[in-house]
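Working notes for the structure below.
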Number of protein chains: 2
Amino acid sequence: MPHRDQSVETIQREMTAFARRARATAARTHPELSLVSFTLLSHLEDRGGCRATDLAAHYLLDKSTVSRQVAALERLDLVERRVDPDDHRVQVLHLTERGVATLAQVAATRRTAFEERLTGWNEADLSRFAAYLLRYNEAAERLS
Amino acid sequence: MPHRDQSVETIQREMTAFARRARATAARTHPELSLVSFTLLSHLEDRGGCRATDLAAHYLLDKSTVSRQVAALERLDLVERRVDPDDHRVQVLHLTERGVATLAQVAATRRTAFEERLTGWNEADLSRFAAYLLRYNEAAERLS
DNA sequence: AGTAAGAGTTGTATAAGCCAACTATCTGTT
DNA sequence: AACAGATAGTTGGCTTATACAACTCTTACT
């Protein structure tokens with residue numbers, strides 16, 4: 001097998017292995033906020049609020065799934081909805097104060113976990129790894 | 001924010017984004033074999049057969065979950081069980097002929113998808129990316 | 001006005017997962 | 001030899017995540 005194919009094979013296997021474990025790990029370390037909820041909140045923070053439809057498109061989820069997830073996050077007082085004054089169909093979602101705080105706390109724990117796994121890496125490797133992941137995900141997004 | 005933290009942050013975000021999408025993508029492209037089933041079959045192929053308990057440990061799944069997954073794969077005639085002659089508690093799982101064929105087919109489609117996303121990468125970058133992922137996952141496994 | 005499109009919700013079904021309780025087998029100690 | 005404890009796996013019961021389809025409400029276009 002040529003070098004190239006072998007690398008592709010490894011990348012495939014390792015990305016898959018990571019994906020497979022991510023949810024279980026997230027559930028174990030953050031029973032209060034599932035991986036999905038966490039990413040939804042992160043996205044809201046990133047964008048400074050967005051619509052449910054945007055979340056669905058970005059995470060390849062059905063809009064009904066997002067609707068229920070958002071409802072749950074609202075019940076937990078992590079997210080609030082503001083009807084768009086220019087278009088009464090849309091509800092712009094925003095983090096509440098509690099949402100911001102909870103996200104920050106979970107993000108910190110997660111960051112610690114990642115830092116542990118990245119102990120001993122030098123800065124050049126880290127930044128190259130980060131760049132590769134960005135490049136890969138951009139392609140994945142374009143092609144999906 | 002120092003360079004290092006920024007890289008860790010990016011790695012965390014991008015790995016998470018990938019994990020978040022992996023299941024949806026897998027479900028879309030392979031309705032016949034979920035991401036979990038696929039990884040279980042792959043593991044069986046890799047090891048040339050193993051116990052349900054090993055699968056559970058490796059993928060951080062409850063043994064009851066694995067039991068049901070395996071039962072489903074058996075119903076589909078993708079996996080067969082052979083009671084260990086030395087220990088009648090143990091059922092060693094093996095791919096059936098159909099299992100091997102199905103796995104090969106799905107793996108090929110997945111590989112194509114990965115190759116598409118990795119178009120334009122040179123060999124050095126690919127092999128470095130693969131190495132980073134391996135290194136990362138090894139650490140993750142050690143620390144879990 | 002009237003139709004088409006978009007945003008979101010709700011009903012229904014399925015799958016995946018966990019925990020706890022159980023059976024069957026094996027191992028080690030007395 | 002016998003019993004206690006550990007291990008492999010199954011099953012019952014429950015929760016959650018997800019998809020699809022049908023629906024309402026609002027906006028946009030003609």
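Every heavy atom of this structure was used, including side-chain atoms; hydrogens, water molecules and symmetry mates were not. Below, chain A is the first sequence line, B the second, and so on; all start at residue 1.
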Contact list for DNA chain D against residues 36-56 of chain A - heavy-atom distance below 4.0 Å: A/Val36
Side-chain heavy-atom pair A/Glu74, A/Glu80 within 4.5 angstrom cut-off: no
Which residue lies more 5' along DNA chain C, comparing B/Lys63 with A/Val70 via nearest heavy atoms: A/Val70
Between C1' of D/dA17 and CG of A/Leu73, the distance in whole Å: 13 Å
Ring pair (Phe, Tyr, Trp, His ring centres under 6.0 Å) against B/Phe38, all qualifying residues, sequence neighbours excluded: none
Flag for A/Tyr136-B/Arg117: side-chain donor and acceptor within less than 3.5 Å: yes
hydrophobic_cluster_shared for B/Leu126 and B/Ile11, side chain cutoff 4.5 Å: yes
Between D/dG9 (C1') and B/Asp62 (CG): distance, integer Å: 11 Å
Trace of the side chain to side chain contact (heavy atoms under 4.5 Å, CB included) decision for A/Val83 with A/Val92: CA-CA 6 Å; A/Val83 173; A/Val92 183; over 6 Å; no
Set of residues satisfying ring pair (Phe, Tyr, Trp, His ring centres under 6.0 Å) with respect to A/His94, sequence neighbours excluded: none
Provide a list of protein-nucleic acid N or O atom pairs under 3.5 angstrom, restricted to nucleotides 12-15 of chain D.
residue : atom : partner : partner atom : Å
D/dG12  : N7   : B/Arg68 : NH2          : 3.4
D/dG12  : O6   : B/Arg68 : NH2          : 2.4
D/dG13  : O6   : B/Arg68 : NH2          : 3.0

Chain B contact limits on DNA chain C, taken 5' to 3' with a cut-off of 4.0 angstrom to heavy atoms: C/dA16 to C/dC26
Close approaches to DNA chain D from residues 82-93 of chain A, in residue order (heavy atom, under 4.0 Å): A/Asp87, A/His88, A/Arg89
Criterion side chain to side chain contact (heavy atoms under 4.5 Å, CB included) against B/Leu44, the qualifying member of B/Asp54, B/Leu95, B/Thr39, B/Leu73: B/Leu95
